[in-house]
Amino acid sequence: MTSHRLMKMASLLLVGISTLALEATASEPTVVPQQPAFPAEGKITYVPRDSIAEFKALPEYKEPAWVTEKYVKTGKLPPVAERLPKEPMVFKTGNMPDGVGVYGDTLRHVIGGRPEGWNYSAGQSQGWGGIDIGMSECLTRTAPLFQVEAKDVEPLPNLAKSWDWSSDGHKLTMHLVEGAKWSDGDLFDADDVMFYWEDNVLDPSVTPLNGATPETFGAGTTLKKIDQYTVEWTFKEAFPRQHLYAMAYGTFCPGPSHILKAKHPKYAGTTYDQYKNAFPPEYMNIPVMGAWVPVAYRPDDIIVLRRNPYYWKVDEAGNQLPYINELHYKLSTWADRDVQAIAGSADLSNLEQPENFVESLKRAAQDTAPARLAFGPRLIGYNLHMNFSANGWGEPDERAQAVRELNRNEDFRKAVTMAVDRKKLGEALVKGPFTAIYPGGLSSGTSFYDRESTVYYPFDLDGAKALLEKAGLKDTDGNGFVNFADGKAGGKDVEIVLLIDNSYATDRNLAEGLIGQMEKLGLRVVLNSLDGKQRDATNYAGKFDWMVHRNAAEYASVVQNTPQLAAAGPRTSWHHRAPEGGQLDLMPFEQELVDIINKFIATNDNAERANLMKQYQKVATTNLDTVGLTEYPGALIINKRFANVPTGAPIFMFNWAEDTIMRERLFVPADKQGDFELFAEQLPGKPGEKSLSN
Ligand code: GLA
């Protein structure tokens, strides 16, 4: 966005103009109101899929001069050509907004999360904010697809440099990049892929971060090693191209088997707990396939990552990537990420908490602003998820079981959604044309969105109260809250426990707004407010009645994490999973959603896919699979010294911006480079050692 347009936006905001549509008050469901126009969206230049990168050998390769001098000439590292695969991935200059870059400088991030450890394969979080994304590489890659022409959209090759389908479409042979190495020099090959699959995804005692399960890749899918650089998938369906999305971040990013195996119960006689926790945050130099390796950590202060000397991607001039030598992750809060990026003391933020929009816009509109700010489509959304399991997921007590039964009652869900004043919820976050009425289901920013198929129950408190009564709930003791009926839970007040992630102000504000609105309906809702990691664990364990949740990629892209759009497997849905060893007790509309999703995954016909998603949206919003709360655009904030930032990159679509902007290609022109490197001219040390190599 130009600073002129930014100024205009900022002044619009200051005079408080809101273009939100007027709401109807009838209690009949309608099509969702038209969204307020949002003028500030960055323009994307669409390109063919094959214009981004290719795999090929180049006549010569280069690296930062200090690497040659200090490491190669002294024999500490082999020459760059020997560290690269036979055919590295080559980013095409034509797709790089500012072309071939130069080496140097630091990309300074701030995060609100904290590292649990480095064992991503066993489910440990590194604190988010793109830290694991920078360390991981996956079989395919999808984040950059935001700029690929619609007719061409299919995941990009990555660790799998190419693939072919058998003529009947049941087998997919993947060719891995040959001779790529982990950051400690160990060869990457099919054994790493098979270890991830067999001993992490398929092992019921291990759940990788981001929750890959066998069903993520389709029921009955198998994978086998053919030779060192070839693996073969077998699917029950023919040509399920959709699974290529599951092979991208975050569900198929193999870890270093040569390091992890030594701690895995199957190979080392350890316990699963020991495996998960074998690589605590203090463990440095964990081998990665990503562009940067963690080399220093100070609790509640910082994580520093340095360039991976074996990184397997280059530019067309043969320069080994990344251009940026160092990454910083300051361990602070998510709100502080916005503040610091806007102030210039950090370099990048996904502006996703509307509470910070106005201040950020005002500052970014000034000519002296250190950072650029650009909005994308309305892809950040929040849903209320009700726990639909009535057969034991999370071992509910009597009260919780009675709530589950209410959650499964259509009149109850309608009462809840009609008691939500979405205009008010949105405006409590930020005034202006940002937030929109979001009834639930697919996000309005995806190409699969169809407004006509989006059913909305308008705000109508009286209508909502009548429906609550229809669901059998009355305030029998006159204290303003309805009581459980039919002798359930001792006829006490209905009390609903609402799970949230308290590391985001937006989650807290939405939850508090919702609690107030539910009180008016006569429902007592109490907060279970946990930090991100505990929230996730509590969610996966099924220990919640309701949950306010920021939408994940399935709602924003549809094609990424598709199985998560319904309870397609025992452990795929956010709000309906099977109890340990048990079955899913799906309601008929949920079964319909599962069938639609399965058909969507099985077909490659674009018209049929679009049609199926219309059906999905209709069934999901009519039956209130989730209760939408609000939806708004996010903005990418990035320091002005960085070059090669693609225009219009959404902060969230197939993945977060940290992947979308392809950080390995970002660079800082020589005359703009800052002096932020803490470990200048040093490279990662040996796995587990505290020191760097120098
Ligand atoms: C967190 C942040 C997002 C993004 C992701 C990346 O969820 O809130 O903006 O940085 O981490 O994983």
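Each residue takes its place number in the sequence, starting with 1. Atoms within each ligand, like the ligands themselves, are counted from 1 in listed order.
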Undergrad: Among protein heavy atoms, which lies nearest atom 3 (C) of ligand 1, and at what distance?
TA: Glu352 OE1, 3.5 Å

Undergrad: In the protein, which heavy atom is nearest to atom 7 (O) of ligand 1, and how far is it?
TA: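 The closest one turns out to be Arg550 NH2, 2.8 Å.
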
Undergrad: Go through it in stages, so that I can follow the logic: the residues are Asp300 and Arg114, the test is salt bridge (charged side-chain N to carboxylate O under 4.0 Å, His left out), and I'd like the CA-CA distance, side-chain angles, deciding distance and then a yes or no.
TA: CA-CA 8 Å; Asp300 286 326; Arg114 294 294 180 272; 2.7 Å; yes

Undergrad: Looking at Gly130, which atoms of ligand 1 are within less than 4.0 Å of one of its heavy atoms?
TA: 6 (C), 12 (O)

Undergrad: How far is atom 2 (C) of ligand 1 from its nearest protein heavy atom, and which residue and atom name does that atom have?
TA: Tyr504 OH, 3.4 Å

Undergrad: For Lys263, look at atom NZ and say whether over 12 heavy atoms of other residues, nucleotides or ligands are found less than 6.0 Å away.
TA: no

Undergrad: Which word best sums up how the rings of His549 and Trp574 line up, parallel for under 30°, tilted for 30 to 60°, or perpendicular for over 60°?
TA: tilted

Undergrad: To which protein heavy atom is atom 11 (O) of ligand 1 closest, and what is the distance rounded to 0.1 Å?
TA: Gly129 N, 2.9 Å

Undergrad: Tell me which part of Phe652 gets within contact of ligand 1: side chain, backbone, both or neither, using heavy atoms under 4.0 Å.
TA: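 Phe652 to ligand 1: no contact under 4.0 Å from either part.
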
Undergrad: On the 0 to 90° scale, with breaks at 30° and 60°, tag the Tyr504-Trp334 ring pair as parallel, tilted or perpendicular.
TA: parallel

Undergrad: So, Lys672 and Asp105, do they make that salt bridge, N to O below 4.0 Å?
TA: no

Undergrad: Starting from atom 10 (O) of ligand 1, find the nearest protein heavy-atom neighbour and note its residue, name and distance.
TA: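 Result for atom 10 (O) of ligand 1: Glu658 OE2, 2.7 Å.
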
Undergrad: Examine Asn350 against ligand 1 and note whether any of their N/O atoms are separated by less than 3.5 Å.
TA: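 Checking ligand 1 against Asn350, an N or O pair does fall under 3.5 Å apart.
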
Undergrad: With distance as the sole test, does Lys640 use its side chain to make a donor-acceptor pair with the main-chain N or O of Arg372 at under 3.5 Å?
TA: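 A pair under 3.5 Å: no.
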
Undergrad: Between Gln126 and ligand 1, find which residue part has any heavy-atom pair under 4.0 Å and reply side chain, backbone, both or neither.
TA: neither

Undergrad: Is any side-chain heavy atom of Val304 closer than 4.5 Å to a side-chain heavy atom of His328?
TA: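 A side-chain contact exists here, since the closest heavy-atom pair is under 4.5 Å.
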
Undergrad: Test of understanding: given a 4.0 Å heavy-atom threshold, classify the contact between Arg337 and ligand 1 as side chain, backbone, both, or neither.
TA: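 Answer for Arg337: side chain.
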
